[in-house]
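Note sheet for the following structure.
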Amino acid sequence: MPRKNTDLVIPAQHGARAVVTGASDGIGLGIASRLAAAGAEVILPVRNREKGTAAIARIRRAVPDASVSLRDLDLASLESVGSLAATLREEGTPISILILNAGVMTPPTRRTTADGFELQFGANHLGHFALAGGLLPLLIEGQARVVSQISVAADSGAINWDDLQWERSYDGMRAYSQSKIAFGLFGLELDRRSTAAGWGIRSLLSHPGVAPTNLLAAQPELGRSTQTTSRRVIAALSRRGVLFGTAETAGLPALYAATAADAVGGGFYGPSGLGRLGGGPGLQKLYSRLRDDTAAARIWQISEELTGVTAAHP
C-alpha cells in the first residue's frame, strides 16, 4: 500500500538559531536536517560525539551549505545540562527554536541519572526542564518557539506523585508514561507563564505517532541486548506504508509546531492519520492527563526543587 504524501513546506529560517536535542539519529536528525535546509543555524547537543559527527556529515551531504555544529549534552546529568546552557548564554546568540526531542524509553530494570533520579523521569523531563530554564534569557530574546516532544504514552498512565523516582515498584512503561505526562505538563505551563509574564515565548507540544526509531531498538547501555518485538512489528508495517509513520514523517508534527505560521502557543500537534499514529501533521485534542493546570503548576514547582533551576525571567 503506497504511503500518502505527507510532506511539509518549511518556511525560510535564515537568521534563526535552532537547538534540537536528540538529533544524532532518528526523528531528531530528520528535524535538524529540515531546519538546516530551510536556512536555520542548527545546533546539535549530543552525548556521543562520534554519532554527532556522523549526523553532521549526513546533513551536509544533503545540504552542502548547512550551518550545523555540535555541543556536548547528557540530559541524565544536571551538570552537563548546566554547562551547555552556560556555553550558549556565553555565545549570546538568541534562540528562535528549541525542540526538546531526545528521550529514553523503558529500560527493563530501574536505572538512575548521575543525580539519582529515575532515568526516564530524569532525562526525558527534568533534563529538558533544566535546559529550557537555563536558556530562558536567550529564548526570550529570540521570541522562541519551544516544542516539547511527548508521546502517545502520555495518553495513559499517571504521575506517581507518592514515588516519582519509582524506588518502590519500578515499571518501565508506567515510568515512561509518567515522564511524558510530566514533560507535557511542563510545556503547557511554560506557555501559560510566558503569556502571563509577557516573555514572548510560544511553547507547544508535539508527538511523533509511532515509527521505527531507536527508542525500542537494542540498547545494551540500557540493559536491552536486542530490539523489542514491538519495534520489529512497527518496522515491518512502516515499510509497507501501513498505519505507522517513518522516522522522517514522525518529525513533521514537531517541525509544524516550530515553524508553521498558524501554530499556536499551547497547541498540541501530531499525525492526523488513522489512530493518530501516522500521517501528516495537524492540531490534536489535548490528552486528558495534560488538562490539569494544578498538576502542571505542581510538577513545575517540584522540577525547580529537584533541579535547582528556577525557570523565571532573570
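Predicted model only: the values in this text are computed from it and were never measured. In what follows, residues are counted from 1 in the order of the sequence shown.
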So do the side chains of [X] and [Y] get within less than 4.5 Å of each other, counting heavy atoms only?
X	Y	result
Leu188	Ser203	no
Leu139	Trp199	no
Asp72	Ser83	no
Leu185	Ile159	yes
Leu290	Ile150	yes

Please state whether the rings of [X] and [Y] are parallel, tilted or perpendicular, taking 30° and 60° as the class boundaries.
X	Y	answer
Tyr256	Tyr269	tilted
Phe183	Phe186	parallel
Phe268	Tyr287	perpendicular

Going by atom types only, do Ser69 and Arg71 share a side-chain donor-acceptor pair under 3.5 Å? yes
Side chains of His128 and Thr21: any donor to acceptor distance under 3.5 Å? yes
Should Ile27 and Leu8 be regarded as members of a common hydrophobic cluster, given that ILVMFWY residues are connected when their side-chain heavy atoms come within less than 4.5 Å of each other, either directly or indirectly? yes
Arg192 to Trp300 six-membered ring, cation-pi geometry met (6.0 Å, 45°): no
Other residues, nucleotides, ligands: >12 heavy atoms within 6.0 Å of Arg193 CZ: yes
Atom CD of Glu305 with >12 non-hydrogen neighbours under 6.0 angstrom: yes
